[in-house]
2 protein chains.
Amino acid sequence: MYSFTEENYLKAIYKLQEQSDANINTNAIALSVQTKAASVTDMVKKLSEKKLLKYEKYKGVELTAEGKRVAIETVRKHRLWETFLHTKLNFSWDTVHDIAEQLEHIQSQELVDKLDEFLGFPKHDPHGDPIPARDGEIQRGNFVQLNELKTGEEGVISGVVNHSSVFLKHLEKNELTLGKKIRIMEISEFDQSVQIWLNENSKMQLSNEVVRNILVKKGISYE
Amino acid sequence: MYSFTEENYLKAIYKLQEQSDANINTNAIALSVQTKAASVTDMVKKLSEKKLLKYEKYKGVELTAEGKRVAIETVRKHRLWETFLHTKLNFSWDTVHDIAEQLEHIQSQELVDKLDEFLGFPKHDPHGDPIPARDGEIQRGNFVQLNELKTGEEGVISGVVNHSSVFLKHLEKNELTLGKKIRIMEISEFDQSVQIWLNENSKMQLSNEVVRNILVKKGISYE
DNA sequence: AAATATTTTTAGACTTATCTAAAAATATTT
DNA sequence: AAATATTTTTAGATAAGTCTAAAAATATTT
């Protein structure tokens, strides 16, 4: 259907579009797919001819419905494979991305559907990101960054902003994994670092950098 | 490491080498990888430079140890993925090949090892073909073609010669699947078709064409 | 608004893997 | 062994995706 490379461009543009709602410019795409601006211009022309996106010279690009469909399909495959790798093959959450990056391009609708069924129709991947449904629908959990919670408020770790391997390893080492319940004890005036309550005998100090990159589902708040 | 295409050529040459022990010629490879002789010459030169095979103009090719290693590794991956598709995702044995043809090129040693473990270190794929071990060792069951059995002899279906989808579908429809026990009742003088005994109330007439393409593990013989 | 900086595009080249058509080598017939 | 047929290789072209360097357009600064 569409090539490995085309799918990667579409996915990258889709993700940029998610974050910005303005038209996506050449340099941003180049950065995202790890290539040069000149290459992006070439590819973008090609994708435009195939009606996968709208392109006007010097004005950036915007996905068409079909381009978006392909992008979401690719995201769906990526996240299903990540889930497979994590839940069935015991890969840790910081190692699944690179392999899923390859697996997401395997062509077979039946494979995706059967994988989905085998995994029990999961709603989230190992990082808490939503897995798009077959029809492209994405159920976004209304998560907030941990730094948005106030003292005394509780939440359950449900996702991450930063997906880098170093960050994920750091969380893993500190047992700050998905599903963990947290209560904000104190927020430092000095550096916005946060003391959190985990259980009777476990408190922890998190830097603002860490706190901003953790997504939580807000729980019942206490004063 | 090695490209999709390189792996496919090596696998094809390996399989041809299995069947023939003479040097493998250009046309045979072209047929096998579905390309033209000229393309094969180009690729074979490239693989020769990379020391994956020995090539002398007009004399055909022969894999080096490294070339064989890569080929067997690819076969291993192919058959593990086929097993996954069949036993975990419920793909029928006539549909697994094409998807495994893509999956076999995913690069990750850890993935292969974990998949192997997840599947319980299977010895055979859904067609009865042996799955090479991590070290490249291949445990070949000493199977014989069903037409080599004499009247009264028994065997268990353990593999197929013909891997085509039509043939596999035909066997499936007639419940001639792996593990099935068979006894030869009568071999026709006229067309070498064979009457087989399956159980008290089930006999079956198999054409010579079918019988030659079924591999069995010989059982105890009766007169 | 002119000058400068940044971004984007064009032009032309490179790589991988493929192809067709023709030439060269090898095999088979007669 | 000469003639014919087949196989293999070479030569030159094509497509996908990439690159560098220069030109063109847009944005920012002064």
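Each chain gets a letter, A, B and so on, in the order its sequence line appears, and its residues count up from 1.
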Sugar-phosphate, base or nothing in reach of [X], heavy atoms under 4.0 Å:
X     : result
A:T5  : sugar-phosphate
A:F4  : nothing
A:T26 : sugar-phosphate
B:N25 : sugar-phosphate

Polar atom pairs between nucleotides 20-26 of chain C and protein, under 3.5 Å, N or O only, would you list them?
residue : atom : partner : partner atom : Å
C:dT20  : OP2  : B:K36   : NZ           : 3.2
C:dA25  : O4'  : B:Y58   : OH           : 3.4

Between CG of A:D42 and C1' of C:dG12 the distance, given in whole Å, is 11 Å
- Message: Would you say B:H127 and B:H97 are linked by a side-chain donor-acceptor pair, where the criterion is simply a distance under 3.5 Å?
- Response: no
Check the side chains of B:D129 and B:H163 for a donor-acceptor pair under 3.5 angstrom, ignoring hydrogens and angles. yes
With the side chain defined as heavy atoms from C-beta on, A:N27 is closest, among C:dT8, C:dT18, D:dT18, to C:dT8
* Asked: Could B:K11 and B:E101 be called an ion pair, given the rule that one side-chain N must be under 4.0 Å from one carboxylate O?
  -> yes
As its Watson-Crick or G-U partner within any shown strand, both distances under 3.5 Å, C:dA25 has D:dT6
Output, in order, the C-alpha distance, side-chain angles, deciding distance and verdict of ring-ring contact (aromatic ring centres under 6.0 Å, His included) for A:F91 and A:H86.
-> CA-CA 5 Å; A:F91 277 91; A:H86 185 65; 9.4 Å; no
